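Quick note on labels: first sequence line is chain A, next is B, and so on, each numbered from 1. Computed from a predicted structure; not experimentally measured.
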2 protein chains.
Amino acid sequence: MLEKIFGQVLKNLRENTGVTQEILALNSELDRTYISLLERGLRTPTIATLFKMAPTLKKMPSEIIAIVEQKLNEDRV
Amino acid sequence: MLEKIFGQVLKNLRENTGVTQEILALNSELDRTYISLLERGLRTPTIATLFKMAPTLKKMPSEIIAIVEQKLNEDRV
DNA sequence: ATGTGACTCTAAGTCCGTC
DNA sequence: GGACGGACTTAGAGTCACA
């Protein structure tokens, strides 16, 4: 569940930032296909991975987590 | 670096909550020794682990991450 | 530009125990 | 009550070829 939500949030943030998976991957020193895995909810990132991606998404890591919290609550309704 | 900071934050939060490593572990469905590893900065948790521990620490996951962000900035001085 | 399968390798996380 | 170690299992990290 958490992975799915995180993946959706990540995808939304990335698209809102107007950046491709590839650019995000390059900026974060991650692999393009790994970003794909995350967005599809097939991986649960460590907080280290979260901190790597945050700058490119122009969000603080805590802001990203806060969005995930909100979505988790929404889906609980 | 991130692990060290996270470990410090975790330990502080836990002690402020007045809970032992063991209680935190039981409540979070994690292992007692793993909490110890985290507090000593020897492991980087996944966000799933973060979400598991947060309720017992009486903080939102995003709040915990926010504290980590602050500490990271302080240490950067 | 992205999804996906098929990996390998490393780290997350458990369970046993002692000090 | 917590540090620490060994041995372990599982899952994330990280990569590649191809559709």
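The side chain of Arg32(B) contributes no N or O atom lying less than 4.0 Å from OP1 or OP2 of dC15(C). For dA11(D), neither phosphate oxygen OP1 nor OP2 lies less than 4.0 angstrom from any side-chain nitrogen or oxygen of Thr46(B). Remark: Arg40(A) is not in phosphate contact with dT2(C), judged by side-chain N or O atoms under 4.0 Å from OP1 or OP2. Within the structure, every side-chain polar atom (N or O) of Arg43(B) is placed at least 4.0 Å from both OP1 and OP2 of dA11(C). Here Lys11(A) does not reach the OP1 or OP2 of dA1(C): none of its side-chain N or O atoms lies under 4.0 Å away. OP1 or OP2 of dG3(C) sits under 4.0 Å from a side-chain N or O of Ser36(A). One finds a side-chain N or O of Thr44(A) lying less than 4.0 angstrom from the OP1 or OP2 phosphate oxygen of dG12(D).
Under the 3.5 Å distance criterion, the side-chain polar atoms of Gln70(A) are left unmatched by any main-chain donor or acceptor of Ile67(A). A donor-acceptor contact shorter than 3.5 Å is absent between the side chain of Thr49(B) and the backbone of Pro45(B).
In this structure the side chain of Val9(A) reaches within 4.5 angstrom of the side chain of Leu13(A), judged on heavy atoms. A 4.5 Å side-chain heavy-atom check between Pro55(A) and Asn27(A) finds every atom pair outside the cut-off. Glu39(B) is listed as a side-chain neighbour of Arg14(B), based on a closest heavy-atom distance under 4.5 Å.
Between the CG atom of Leu26(A) and the C1' atom of dT15(D) there is a distance of 14 Å, given to the nearest Å. The CG-C1' distance, from Leu37(A) to dT15(D), rounds to 11 Å in whole Å. Between Ile47(A) atom CD1 and dA12(C) atom C1' the separation is 12 Å, expressed in whole Å. Put simply, CZ on Phe51(B) is 18 Å from P on dA12(C), counting in whole angstrom units. A straight line from CD of Gln21(B) to P of dG2(D) spans 5 Å, rounded to a whole angstrom. If you measure from atom CZ of Phe6(B) to atom P of dA12(C), you get 11 Å, rounded to the nearest angstrom. Rounded to an integer number of Å, the gap from CG of Leu38(B) to C1' of dA12(C) is 9 Å. Atom OH in Tyr34(B) sits about 17 Å away from atom P in dG2(D), given to the nearest Å.
Searching all strands for a Watson-Crick or G-U wobble partner of dG1(D) with both distances below 3.5 Å returns nothing.
Counting non-hydrogen atoms under 4.0 angstrom, Glu29(A) reaches nothing in the nucleic acid. Here Leu30(B) lies in heavy-atom contact (under 4.0 Å) with sugar-phosphate atoms only. At a threshold of 4.0 angstrom between heavy atoms, the contacts of Lys52(B) with the nucleic acid are absent.
Between Glu3(A) and Arg40(A) no salt bridge is recorded (no basic side-chain N to carboxylate O distance below 4.0 Å).
Residue Asp31(A) places its side chain closer to dT15(D) than to any other of dT14(C), dT15(D), dG2(D). When the nucleotides dT2(C), dA3(D), dT4(C) are ranked by their closest atom to the side chain of Thr33(A), dT4(C) comes out on top.
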